[in-house]
Amino acid sequence: MLAFLAGILCFVVLGGGRATRAQDTTGTRFVCTSIPVGADPSCPLPPAAVHSPGAQEEELKSTVMQLRETILQQKETIGSQRDTIKELTGKLSRCEAAAQGPRLDSRLGGQGAWRKDFNKNTMGDLPRDPAETIDHLGKTVQSLKDRLESLEQQMRVNVSGASFPNELRDLLQRRLGDLENQLLSKVAELEDEKSLLYNETAAHRQRTESTLKSLIGRIDELEKGNSRFKSPEAFKVSLPLRTNYLYGRIKKSLPELYAFTVCMWLKSSASPGVGTPFSYGVPGQANEIVLIEWGNNPIELLINDKVAQLPLSVSDGRWHHICITWTTRDGLWEAYQDGEMLGSGENLAPWHPIKPGGVIILGQEQDTVGGRFDATQAFVGELSQFNMWDRVLRPLDIVSMANCSSYMPGNIIPWVDNIVEVFGGATKWALEMCEDRLFDS
């Protein structure tokens with residue numbers, strides 16, 4: 001394309017210039033014709049140009065279009081090269097600034113001068129010939145690339161430490177070693193502090209747990225009411241209403257029994273019937289042992305759901321001492337009221353051992369173990385000194401307890417405060433049993 005541009009010659013006779021001339025019927029016309037490089041510039045016209053003016057016009061239009069396209073392409077090339085130069089100039093500036101700028105400043109006449117020269121738009125100073133322009137741009141780009149590679153190489157040398165003195169490298173290595181030792185020492189100190197903290201925490205946790213246990217024990221003692229009673233057995237349970245939610249519970253259970261004696265003090269004026277002073281239920285048999293006065297029926301003793309009627313009467317609102325004995329041999333039973341045996345019998349669940357692991361409830365009859373109470377069967381009144389033994393007591397022992405000449409706690413269920421719980425509004429009150437009985441009489 002450059003050769004093509006260089007071969008275009010056009011001479012117009014204006015102010016003494018030369019031109020080839022062709023004659024036509026309308027007059028004289030001046031025509032620009034392309035000739036090869038080095039040809040005679042006298043511009044002889046081909047025969048067809050004289051006789052075909054339309055063909056010449058088409059050829060000229062084609063040449064103008066080619067020239068226009070060439071100029072546009074050159075503009076695009078120059079614009080692209082200008083952007084490349086700007087990018088490389090910015091990159092070169094950053095590299096020179098990072099790689100000891102003062103030496104570059106002295107070589108280039110000062111950093112400010114260098115930046116000024118390369119930020120200056122010199123595109124207007126480029127040669128006007130496209131071939132020279134491209135060649136100039138190529139040399140400029142190559143020069144910038146060479147300088148950029150030189151700067152990058154210099155930066156790599158500086159970073160790698162090749163230009164550092166040996167003394168400086170040794171100093172840095174010693175400094176790094178000191179820092180590493182300090183870090184290891186600090187880590188060791190932290191590990192020791194962590195171990196000490198763990199030991200202190202464990203000791204503190206043990207002290208806290210011991211204190212909490214002491215507090216819980218003290219709270220249990222206060223809740224049990226030991227501070228209110230002169231002795232562990234000097235209290236009574238009050239069940240003032242006929243409901244299905246007031247009751248007491250014995251925390252201990254029974255072992256397997258082949259005989260037993262149960263004694264208690266009762267005070268009730270409920271009618272009809274005093275209800276159920278106590279019941280013992282086991283899985284599969286809620287009526288393992290039950291003492292109940294329900295409706296207009298007499299007091300009944302149930303063992304394994306078998307029934308014996310007892311000739312007892314305790315609904316006069318006074319304290320009465322009640323004892324019942326039973327043995328699995330022939331199902332023999334005896335009933336005592338205020339030390340006197342009022343009735344006995346046999347064949348009550350004979351040869352049936354009392355099953356262990358059940359629940360003793362004061363004041364309610366159990367339909368399931370420990371629950372499903374019926375308000376119509378609830379005991380209304382007060383009871384105290386509920387004791388059980390795993391044998392049949394002698395009549396003399398029963399009499400001595402009834403007249404307050406002696407006190408015998410049960411060997412399997414004793415009447416003490418810390419094994420008796422109350423629920424639903426039932427309460428425990430201090431009571432000296434024999435003193436209260438004498439006062440009532």
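Numbers here simply count residues along the sequence, with the first being 1. Keep in mind it's a predicted model, so treat the numbers as computed, not measured.
Between the side chains of D338 and H320, at least one donor-acceptor pair of N or O atoms lies under 3.5 Å.
Taking the side chain as every heavy atom from C-beta outward, N387 and M408 never approach each other to under 4.5 Å. Counting only heavy atoms from C-beta outward, the side chains of N403 and V399 approach each other to under 4.5 Å. Side-chain contact between L362 and Y247: absent, with no pair of heavy atoms (C-beta onward) separated by less than 4.5 Å. Within the 4.5 Å cutoff, the side chain of E334 has no heavy atoms near those of the L332 side chain. Contact of the L383 side chain with the F278 side chain is not registered, since no non-hydrogen atoms from C-beta on lie closer than 4.5 Å. In this structure the side chain of L254 never reaches within 4.5 angstrom of the side chain of F260, judged on heavy atoms. Contact check for I250 versus I413: side-chain heavy atoms found under the 4.5 Å cut-off. Using a 4.5 Å cut-off on side-chain heavy atoms (C-beta onward), F373 and I361 make contact.
Of the possible donor and acceptor atoms, one in the side chain of Q337 sits under 3.5 Å from a partner among the backbone N and O of S313. At distances below 3.5 Å, at least one donor-acceptor pair connects side-chain atoms of S253 with backbone N or O atoms of G358. T328 places a side-chain N or O within 3.5 Å of a backbone atom of W351 that can act as its donor or acceptor partner. Remark: the backbone N or O of S315 is not paired with any side-chain donor or acceptor of S268 at under 3.5 angstrom. Between the T276 side chain and the Q377 main chain, a donor and an acceptor come within less than 3.5 Å of each other. Side-chain atoms of S400 never come within 3.5 Å of backbone atoms of S405 as a donor-acceptor pair (strictly under, hydrogens ignored). Judged purely by atom type and a 3.5 angstrom limit, Q366 uses its side chain to pair as donor or acceptor with the backbone of V359. Under the 3.5 Å distance criterion, the side-chain polar atoms of W333 are left unmatched by any main-chain donor or acceptor of G343. Listed for the S238 side chain is no donor-acceptor partner under 3.5 Å among the backbone atoms of E382. Remark: the backbone N or O of L291 is not paired with any side-chain donor or acceptor of E300 at under 3.5 angstrom.
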One pair to check against side chain to side chain contact (heavy atoms under 4.5 Å, CB included): I324 and L301. What are the steps and the verdict?
CA-CA 9 Å; I324 299 166; L301 175 64; 3.6 Å; yes
I would like to know whether L342 and L312 meet side chain to side chain contact (heavy atoms under 4.5 Å, CB included); could you show each step before the answer?
CA-CA 7 Å; L342 299 183; L312 304 177; 3.9 Å; yes
Audit row: Y407, Q385, side chain to side chain contact (heavy atoms under 4.5 Å, CB included) steps and yes/no
CA-CA 10 Å; Y407 173 71; Q385 294 188 3; 3.6 Å; yes
D390 vs N411, side-chain hydrogen bond (donor to acceptor under 3.5 Å, both in side chains): CA-CA, chis, key distance, verdict
CA-CA 7 Å; D390 58 0; N411 68 334; 2.8 Å; yes
What verdict does the side chain to side chain contact (heavy atoms under 4.5 Å, CB included) test give for V416 and F235, after you've listed the backbone C-alpha separation in whole Å, the side-chain angles of each residue and the deciding distance to 0.1 Å?
CA-CA 8 Å; V416 289; F235 71 97; 5.6 Å; no
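The CG atom of L246 sits 7.5 Å away from the CD atom of Q364 when rounded to the nearest 0.5 Å. Put simply, NE2 on H321 and SG on C263 are 4.5 Å apart, with the number rounded to the nearest 0.5 Å. For the atom pair D374 CG and T376 OG1, the distance stands at 3.0 Å (nearest 0.5 Å). In this structure, NE2 in H352 is found 3.5 Å from CG in N304, a value given to the nearest 0.5 Å. We find the CD1-NZ distance between I419 and K251 to be 9.0 Å, quoted to the nearest 0.5 Å. Distance check: I292 CD1 to N297 CG gives 8.5 Å after rounding to the nearest 0.5 Å.
Contact between V262 and M264 at its shortest, heavy atoms only, is CG2-CE, 3.9 Å. Counting all heavy atoms, side chain and backbone alike, S279 lies closest to V290 at CB-CG2, 4.0 Å. In terms of heavy-atom proximity, S384 sits nearest to W415 at OG-NE1, 3.7 Å. The two atoms that bring P414 and K252 nearest to each other are CD-NZ, 4.3 Å, heavy atoms only. Nearest heavy atom pair, residue G275 against residue P277, reads O-CD, 3.4 Å. Between P395 and Y336, the shortest heavy-atom distance links the atoms CG-OH, 3.5 Å.
Taking the six-membered ring for Trp and the full ring otherwise, the centers of F423 and Y245 sit at least 6.0 Å from each other. Remark: aromatic rings of W265 and F386 are distant, center separation not under 6.0 Å.
For CG of N181, the number of neighbouring non-hydrogen atoms (other residues, nucleotides, ligands) closer than 6.0 Å is greater than 12. Heavy-atom neighbours of Y258 OH from other residues, nucleotides or ligands within 6.0 Å: at or below the threshold of 12. Heavy-atom contacts from other residues, nucleotides or ligands closer than 6.0 Å to CZ of R249 number 12 or fewer.
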